[in-house]
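Heads up: the structure comes next, in structure tokens.
Remember, it's a predicted structure, so these values are computed and weren't measured experimentally. Protein chains get the first letters and strands the later ones, always in sequence-line order, with residue 1 at the start of each.
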Amino acid sequence: MTDFPYRYDVTHSVSEIVDAHTDLEAGTETDTVVTIAGRLMLRRDQGKLAFGTLQDSSGRIQLFAMAKSTPEFDGFTGLSIGDWIAVTGIVMMTRRGELSVRVDGWTVLGSAGRSFPDKWHGISDPDTRYRQRYVDLWVTDEARQTFTQRSQIVASMRRLLHDQDFVEVETPMLHPIPGGALARPFVTHHNALDADLYLRIAPELYLKRLVVGGMERVFEIGRVFRNEGMSTRHNPEFTMLELYWAYADHADMMRLTEELVAGIATEVLGTTTIEYDGREVDLSTPWRRATMEELIAEHAGVEVSLDTPIDELRAICETFGVDTKAHYGPGKLILELYEKTCEAELWGPVYVTDYPIEVSPLSREHRERPGYAERFEAIVAGRELCNGFSELTNPAIQRERFEAQEADRDAGDDEAMVVDEDYLRALEYGLPGTAGLGVGVDRLVMLLTGTTTIRDVVLFPTLKPEQVSGAADGELVDEEE
RNA sequence: GCCCCCGUAGCCAAGCUGGUUACGGCAGCGGACUUUUAAUCCGAAGAUCGUGGGUUCGAGUCCCACCGGGGGCACCA
């Protein structure tokens, strides 16, 4: 096995060279000597000449090698597609006008023992793209661009929030009690404590504890885990932005959210008008606000409210083909009706407001509409992008809500919440009026990059294990003792 | 979990209502070539057709099961 260098001094990225020589004339040589490194992606041998394409993380450039001047020319033409190499030489423009680096010296930095996919057709098999992302990133330009943009989007998000004095924190991912959302958790076990722990389904309750602790503007960007179905919009682990803002309410939060999303779009894309799935989305502020019941009236043509007699509500739901269950109250029925009749038709951006309290166990009651919560979700490009509300601050009411959830759980709803005594204790110390927000970061990236499947914005999406034999099939962890 | 579709060499990809040795391209191997752009040209090679059963004189092709993937439904963000 050949031993490759431990380190190598590179003087330029490919894009730096390209940017600095935009109008070099064909057939001219500069006296600029550069050292670049990357993967050899193409090669065209021409007898005593050879051309290659070197790709690094910034772009591609042609390599120009000549038998009379390139050291070990035969070795150079014997390189494999995919080999990592460093090349030193002058910057030049070929007679045909292709910017190139003349290969005056070259070194192999790492060899490609497996051959890369077809240089023209790339990979069409999604399974290969997701399992072997290390290949996909080289072969599929859009994949590389999407993940670069993802980084920019998250960086922009952080910057905009820091600019508004939000403090970034990290809270536990291992929770003794899963909380903060209605979802089925993954369970794991801590051996030394001999205790079951849950991978978090949301950081919400910890972040609000921090507001109790005096962090008036706080946010976390991190992974959450939900043991549920997978789809083009769902990965079992996904990234969420959650933020909490003391002394603010849901209306403030709607303004912050739309400005944040429009601001990120402007920073990363340079515009708030984007195209998604062939349709235009105008992210410019302000976004439309509409209550859930207004939308139901618009799209289903029926007037409903929490005052509608429940039998009538249930009958309306059944008219629209909603699967109703016996324990559903009026709030749950209205939510189901909304999801069945409106959600698929909304394009947005639109804030859906005034969710029933019954389905919003952590939100504060609407100050003017008893039974409703000061809660909103934004629908953008036909997809739920975020969820926010004025936080419920009263510990006694929170306890009642938890207990109602636990009753649902006892009735067989395994996504219902569990009473979190420590969270109640924190609320008893006092939480001021606070607004909270959760944004699906993967979905935001999908929106801004025009991607229609979440697997294309997650580097290593969850897949079934590839191997059915060997270690993966047996116990990876010794459960004994 | 349910329904539909897909699986042919490292990659892309033909293969018709079942019918000899499964068409090609790229990459890899051998050779030619001093300005190529998916270079071109010549040559040789590479496939238990996802796996296992079955139907048939004969299966890549039809049937069943399993594995993996995609889409949809359900659940959810």
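Going from the P atom of B/C75 to that of B/G10 covers 42 Å, rounded to whole Å. Atom name C1', nucleotides B/G60 and B/C49: the rounded distance is 5 Å, in whole Å. For the P atoms, the distance linking B/G24 with B/G15 amounts to 14 Å, nearest Å. Comparing B/C6 with B/U20, their C1' atoms are spaced 29 Å from each other, to the whole Å. Rounded to the nearest Å, the gap between the C1' atom of B/A13 and that of B/A27 is 14 Å. Using atom C1' as the reference point in both B/C26 and B/G71, the two lie 29 Å apart (nearest Å). Comparing the C1' positions of B/G46 and B/C12 gives a spacing of 16 Å, expressed to the nearest Å. When the P atom is used for both B/C63 and B/G18, the distance is 11 Å, rounded to whole Å.
You can call A/Phe238 stacked on the base of B/A77; the centres are under 5.5 Å apart and the planes sit within 30°.
Figure legend: cation-pi geometry between A/Arg375 and A/Tyr355, with NZ or CZ positioned under 6.0 Å from the six-membered ring centre and within 45° of its axis.
Across the strands present, B/C66 finds its partner in B/G50; the criterion is a Watson-Crick or G-U wobble pair with both atom distances under 3.5 angstrom. Nucleotide B/C75 forms a pair with no other nucleotide shown, judged by Watson-Crick or G-U wobble geometry with both contacts under 3.5 Å. Nucleotide B/C57 has B/G19 as its partner under the Watson-Crick or G-U criteria, with both atom distances under 3.5 Å. B/G28 makes up no base pair with any nucleotide shown, lacking Watson-Crick or G-U wobble contacts both under 3.5 Å.
Atom pair A/Glu228:CD and B/C75:P shows a separation of 11 Å (rounding to whole Å applied). The interatomic distance linking A/Leu42 (CG) with B/U37 (C1') rounds to 9 Å, in whole Å. We find that CG of A/Asp45 is positioned 16 Å from P of B/A38, with the value rounded to whole Å. Atom-to-atom, CZ of A/Phe376 to P of B/A77 comes out at 14 Å; the value is rounded to the nearest Å. Here the P atom of nucleotide B/C29 and the CG atom of A/Leu79 are 11 Å apart, to the nearest Å. Summarising the geometry, the separation between CH2 on A/Trp120 and C1' on B/A39 is reported as 13 Å, rounded to the nearest angstrom. As a whole-Å value, the separation of A/Arg43 CZ from B/G28 C1' is 11 Å. When the P atom of B/C26 is taken as reference, atom CD1 of A/Ile123 falls 19 Å away, rounded to whole Å.
Atom CG of A/Asp410 is surrounded by more than 12 heavy atoms from other residues, nucleotides or ligands within 6.0 Å. Taking a 6.0 Å sphere around CZ of A/Arg443, one finds it holds more than 12 heavy atoms contributed by other residues, nucleotides or ligands. Sparse packing is recorded around CG of A/Asp323, with 12 or fewer heavy atoms of other residues, nucleotides or ligands lying under 6.0 Å away.
When heavy atoms are screened at a 4.0 angstrom cut-off, A/Arg184 is found touching no nucleic acid atom at all. In this structure, A/Asn235 reaches the bases: a heavy-atom distance under 4.0 Å links it to at least one base atom across the strands shown. Residue A/Arg226 is classed as a base contact, given a heavy-atom separation below 4.0 Å to a base. Backbone-only engagement by A/Thr232 is indicated by non-hydrogen atom pairs under 4.0 Å involving sugar-phosphate atoms exclusively. If you check every strand for non-hydrogen atoms under 4.0 Å, A/Glu415 touches sugar and phosphate atoms only. Counting non-hydrogen atoms under 4.0 angstrom, A/Gly122 reaches the backbone sugars and phosphates but no base. Nucleic acid contact class of A/Phe64 (heavy atoms, under 4.0 Å, all strands): base. Using a 4.0 Å heavy-atom cutoff across all strands shown, A/Arg131 reaches sugar-phosphate atoms only and no base atom. No contact: A/Gly440 has no heavy atom under 4.0 Å from any strand. Among the atoms of the strands shown, only primed sugar atoms or phosphate atoms (P, OP1, OP2) are found under 4.0 Å from some heavy atom of A/Arg455.
Dashed line: the shortest gap from a side-chain N or O of A/Ser124 to OP1 or OP2 of B/C12 is under 4.0 Å. The shortest distance between the side-chain N/O atoms of A/Lys119 and the OP1/OP2 oxygens of B/A38 is not below 4.0 Å.
Checking A/His175, A/Arg209, A/Gln398 one by one against A/Asp420, the side chain to side chain donor-acceptor pair (under 3.5 Å) holds for a single residue, A/Arg209.
Nearest to the side-chain atoms of A/Glu98 among the listed nucleotides B/U37, B/A74, B/G70 stands B/U37. Checking B/A27, B/U35, B/G70 against every side-chain atom of A/Tyr130, the shortest atom distance belongs to B/G70. Among B/U37, B/G68, B/A27, the nucleotide with an atom closest to any side-chain atom of A/Arg44 is B/U37.
Considering all non-hydrogen atoms of both residues, A/Arg223 and A/Arg200 come closest at O-NE, 2.8 Å.
Judged by atom type and distance alone, A/Asp118 reaches the base of B/G25 through a side-chain donor-acceptor pair under 3.5 Å. Side-chain N/O atoms of A/Glu384 and base N/O atoms of B/A77 include no donor-acceptor pair closer than 3.5 Å.
A distance of 6.0 Å or more separates the ring centres of A/Phe376 and A/Phe389.
A distance of 5.5 Å separates CD1 of A/Ile85 from CG of A/Leu79, quoted to the nearest 0.5 Å.
Map A/Pro126 and A/Leu385 each onto its nearest nucleotide of RNA chain B; the residue landing nearer the 5' end is A/Pro126.
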